[in-house]
Amino acid sequence: MEKGSPRMTGGTRETPVNSSPAVAANAEGEEIEVLESTDVLPVAPEDYDPENSGFISTERFRDLLATHGSELDPHKLEVLLALADGNADGKICYQDFVNLMSNKRSNSFRRAILQGSRQLKGCSLRDEVGLGLSQRLVRHVAYETLPREVDRKWYFDSYTYCPPPWLILAITIAEVAVFMYYGFQLDRLVLQVSSPSFLKSPLPYHPQLRAQSWRYLSYIFMHTGIEHLSLNMAMQLLVGVPLEMVHGALRIGLVYVCGVLAGSLAVSVTDMTAPVVGSSGGVYALVSAHLANVVMNWSGMKCQFKLFRMAMALVCMSVEFGRAVWLRFYPPAFPPCPNPSFVAHLGGVVVGLTLGVVVLQNYEQRLQEQSLFWIFFCVYTLFVLCAVFWNIFAYSLLDVRLPPPP
């Protein structure tokens, strides 16, 4: 929840009161960063950590909740009680408490809450009644994407529709606009790639024009035809928008852009003579990450008809990939330039199953604290650097016969 933004409580919204910055110390007495709370509980260390030990006794913590609990979101209060119940040693890390109130949930908080959440006695979020249409939508998205009830309730209380899921919608609108523009210009909507002017656009990736670096990303706005655009757009909206609502534009944009870039670079390394068009690299990164997250948390995911819907998603991905493979080996309309490559799909899948899974697995957790994130990010960066050097030197060293520029 961002500072000063309204939050949802039951059927109403209220503006949180900003309290003073809190300075925490850990057990060794080392100074911890100043965090500013965005909720209504006071977070002055001297009130309940007079020894400056970095810990709060559970007894004092319960007194605090009894005094100020009515001012909290009901689900946040439930999480705090679970945090207290999950600590058998009689004390709670002060930094965990500050992180929770600041919506900065650390690894130590996650471990504590996983232990305490077994003792949650509140009803399921799905059992709540009297919700408005927007609240039911938020609840639906929570069950679609998050595997733990405590995270679902946390998200339900925190989400404000501000900002809305703009990134995926903006990309989709831009793709449709570009497609319609070239549809009228080329006078065809089906198999636009068969037009002699299709690759003359400044957007598609073409091996002869690989020095124009923007093409490694801009190719997503061109599609081979309406059948290509429709499948990509459906998967992009149905999966991407809910994921952006939960994880935010920055994280989902990271996965999407990494998938797009990996797709074009994978083509330049493995299918060196082929052009690339379509947003399949980014789409497959998001869908693969989401499906892998569902499988890894199968028992915790409570979305309806998940087996059927997962099967349908795999069918759509297979149909789109099969169409791309067929088109790649279909005799091109203007030889010697081949039809667009399908390898970008595979690059997106690899990104989704590695970097994407780590992002989706760590809702409300700081990615910079996740060692697995840095491992995959470093591997991805190494791949990008190797692919760049490949594009600079390998084509001339291997004497690759490229098709003429469009």
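Remark: Leu291 CG to Lys306 NZ distance equals 13.0 Å, nearest 0.5 Å. Considering CD of Gln236 and CD1 of Ile171, their distance stands at 6.0 Å, rounded to 0.5 Å. With rounding to the nearest 0.5 Å, the separation of CG in Leu265 from CG in Leu261 is 4.5 Å. To the nearest 0.5 Å, atoms CZ (Arg323) and OG1 (Thr224) are separated by 4.0 Å. Atom CD in Gln370 sits 11.0 Å away from atom CD1 in Ile375 (nearest 0.5 Å). Leu186 CG to Leu191 CG: the interatomic distance, rounded to the nearest 0.5 Å, is 12.0 Å.
Note: Phe321 and Phe342 meet the aromatic proximity criterion, with ring centroids under 6.0 Å apart. In summary, the aromatic rings of His223 and Phe179 are positioned with their centroids too far apart to meet the 6.0 Å limit. Between Tyr219 and Phe221, the gap from one ring centroid to the other reaches at least 6.0 Å.
When all heavy atoms of Ala262 and Gly347 are compared, the closest pair comes out as CB-O, 4.0 Å. Nearest heavy-atom pair, Thr145 versus Met301, reported as atom, atom and distance to 0.1 Å: C-CE, 3.8 Å. Taking every heavy atom of both residues into account, Cys316 and Met235 meet most closely at CB-SD, 4.1 Å. In terms of heavy-atom proximity, Pro403 sits nearest to Gln208 at O-CG, 2.8 Å. Considering all non-hydrogen atoms of both residues, Arg136 and Leu131 come closest at NH1-O, 2.8 Å. The minimum heavy-atom distance linking Pro242 with Val141 is given by the pair O-CG1, 3.7 Å.
Using a 4.5 Å cut-off on side-chain heavy atoms (C-beta onward), Val358 and Thr354 make no contact. Counting heavy atoms from C-beta outward, Ser134 and Val138 have side chains that stay 4.5 Å or more apart. A heavy-atom distance below 4.5 Å is not found between the side chains of Val269 and Cys386. When side chains are defined from C-beta on, Val246 does not count as touching Glu144, because their heavy atoms never get closer than 4.5 Å. Counting only heavy atoms from C-beta outward, the side chains of Ser288 and Met317 approach each other to under 4.5 Å. For the pair Asn293/Val357, no side-chain contact is recorded, criterion being any heavy-atom separation below 4.5 Å from C-beta on. Proximity of Ser264 to Leu217: side-chain heavy atoms (C-beta onward) are nowhere separated by under 4.5 Å. The side-chain heavy atoms of Pro204 and Val276, taken from C-beta on, include no pair separated by under 4.5 Å.
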Go through Leu199 and Cys337 one step at a time and tell me if the side-chain contact (heavy atoms from CB on, under 4.5 Å) criterion holds.
CA-CA 10 Å; Leu199 291 178; Cys337 182; 3.8 Å; yes

Applying side-chain contact (heavy atoms from CB on, under 4.5 Å), run through Ile168 and Leu286 and close with a yes or a no.
CA-CA 11 Å; Ile168 296 297; Leu286 292 181; 4.0 Å; yes

Working for side-chain contact (heavy atoms from CB on, under 4.5 Å), residues Asp187 and Tyr182
CA-CA 8 Å; Asp187 194 25; Tyr182 282 103; over 6 Å; no

Show the numbers, then the answer: is there a side-chain contact (heavy atoms from CB on, under 4.5 Å) between Arg401 and Thr273?
CA-CA 8 Å; Arg401 298 183 60 182; Thr273 62; over 6 Å; no

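Crowding of Leu402 atom CG: a count of heavy atoms from other residues, nucleotides or ligands under 6.0 Å exceeding 12. Within a 6.0 Å sphere centred on CH2 of Trp326, heavy atoms belonging to other residues, nucleotides or ligands number more than 12.
Remark: side-chain polar atoms of Asp271 are not paired, donor with acceptor, to backbone N or O of Val267 under 3.5 angstrom. Without hydrogens or angle criteria, Ser218 side chain to Leu203 main chain gives a donor-acceptor distance under 3.5 Å. A donor-acceptor pair is defined here as one N or O able to donate and one able to accept, closer than 3.5 Å; no such pair exists between the side chain of Asn339 and the backbone of Phe329. No donor-acceptor pair closer than 3.5 Å links the side chain of Ser201 to the backbone N or O of Phe198. Without hydrogens or angle criteria, Glu244 side chain to Ile252 main chain gives no donor-acceptor distance under 3.5 Å. The main-chain N or O of His228 is never found under 3.5 Å from a side-chain atom of Glu320 such that the two would form a donor-acceptor pair. Judged purely by atom type and a 3.5 angstrom limit, Ser195 has no side-chain atom pairing as donor or acceptor with the backbone of Gln192. The backbone N or O of Glu227 sits nowhere less than 3.5 Å from a side-chain atom of Ser230 that would complete a donor-acceptor pair. Checked by atom type and distance alone, the side chain of Arg152 never pairs as donor or acceptor with a backbone atom of Ala142 at under 3.5 Å. A distance-only check finds no donor-acceptor pair linking the side chain of Tyr380 to the backbone of Leu355 [under 3.5 Å].
Between the side chains of Tyr216 and Asn391, a donor-acceptor pair is found at a separation under 3.5 Å. Between Tyr205 and Gln212, the side chains place no donor N or O within less than 3.5 Å of an acceptor N or O (distance only, hydrogens not considered).
Figure legend: Arg210 and Tyr395 shown as a cation-pi pair, the cationic atom lying under 6.0 angstrom from the six-membered ring centre and within 45 degrees of its axis.
Classification of the Phe373-Phe377 ring pair by plane angle, with boundaries at 30° and 60°, yields parallel.
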